[in-house]
Amino acid sequence: QLHLVETGGGSVQPGASLRLSCVATESGVTLDYSAIGWFRQAPGKERQAVSCIDYHGDSTAYVDSRFTTSRDNFKNTGYLQISNLKPEDTAIYYCAVRNFECSKTWARFRSWGQGTQDTVSS
């Protein structure tokens, strides 16, 4: 299991953008053959798949087009860019890693980060 660390969360106003990062911190580890998924969980709601990028670099947005993923394999890092943030985007955002292909299912990933809080309010 990898140790994943998410950063980039914070408190922003509606309409702002955020870029979250997910880095695998162990030395000698590569994410080259991994899909990097992003999930979120809002208070009182079920965990939801947000977006994912597979090992080819093809990304899929599960919520809407405001969520885009990218990756930098040299840095062992995945990114989630969220534009035009809305109050309903307030949640803890998690990244997760699994081999090769994306999935919308949390349990199909093999490593998960601890999450980063995003709060959107005016």
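In this chain, residues are counted from 1 in sequence order. These values consider heavy atoms only, across backbone and side chains, with no hydrogens, waters or symmetry-generated copies. Owing to the predicted nature of the structure, the values given are computational and were not obtained by experimental measurement.
- In this structure, Trp112 contributes its side chain and Trp106 its backbone to a donor-acceptor pair below 3.5 Å.
- Contact of the Ser121 side chain with the Pro87 side chain is not registered, since no non-hydrogen atoms from C-beta on lie closer than 4.5 Å.
- Considering CZ of Arg108 and CD of Glu101, their distance stands at 12.5 Å, rounded to 0.5 Å.
- Judged by distance alone, the side chain of Glu6 and the main-chain N or O of Gly115 form a donor-acceptor pair under 3.5 Å.
- Although no hydrogens or angles enter the test, the distance criterion places a donor-acceptor pair under 3.5 Å between the side chain of Asp54 and the main chain of Gly57.
- Between the CZ atom in Phe74 and the OG1 atom in Thr30 there is a gap of 10.0 Å [rounded to 0.5 Å].
- Hydrophobic clustering, with ILVMFWY side chains joined whenever heavy atoms are under 4.5 angstrom apart, groups Trp38 together with Val12.
- Around atom CD of Glu46, no more than 12 heavy atoms belonging to other residues, nucleotides or ligands sit under 6.0 Å away.
- Looking at Ile82 and Tyr93, their side chains come closer than 4.5 Å, going by heavy atoms from C-beta outward.
- Within a 6.0 Å sphere centred on CD of Gln117, other residues, nucleotides and ligands contribute more than 12 heavy atoms.
- The shortest non-hydrogen separation linking Ala42 to Thr90 is CB-O, 3.5 Å.
- Applying the disulfide bond (SG atoms under 2.5 Å apart) rule to pairs touching residues 29-71 yields Cys52-Cys102, sequence neighbours excluded.
- The shortest side-chain heavy-atom distance between Tyr55 and Ser34 does not fall under the 4.5 Å cut-off.
- With hydrogens and angles ignored, the 3.5 Å screen pairs no side-chain donor or acceptor of Thr105 with any backbone N or O of Ala107.
- Inspection of the Arg40 and Gln48 side chains reveals an N or O donor paired with an N or O acceptor under 3.5 Å.
- If you take CZ on Phe67 and OG on Ser59, they are separated by 13.5 Å, rounding to the nearest 0.5 Å.
- Looking at every heavy atom in both residues, Tyr94 comes nearest to Gln41 through CE1-CB, 4.4 Å.
- For the atom pair Leu85 CG and Ser11 OG, the distance stands at 11.0 Å (nearest 0.5 Å).
- Two different hydrophobic clusters hold Val63 and Ile92 under the rule that ILVMFWY side chains link at heavy-atom gaps under 4.5 Å.
- Looking at Arg66 and Asp89, a side-chain N of the basic residue comes within less than 4.0 Å of a carboxylate O on the acidic one, giving a salt bridge.
- Two different hydrophobic clusters hold Leu80 and Phe39 under the rule that ILVMFWY side chains link at heavy-atom gaps under 4.5 Å.
- Interatomic distance, OH of Tyr79 versus OG1 of Thr7, reported as 8.5 Å (0.5 Å rounding).
- By the neighbour-count criterion of 12 heavy atoms within 6.0 Å, atom CZ of Arg110 is densely surrounded, having more than that number from other residues, nucleotides or ligands.
- Arg71 CZ to Ile36 CD1: the interatomic distance, rounded to the nearest 0.5 Å, is 4.0 Å.
- When the side chains of ILVMFWY residues are joined at heavy-atom separations under 4.5 Å, either directly or via intervening members, Leu20 and Val120 end up in a single hydrophobic cluster.
- Note on Val29: it clusters hydrophobically with Leu4, by side-chain heavy-atom contacts below 4.5 Å among ILVMFWY residues.
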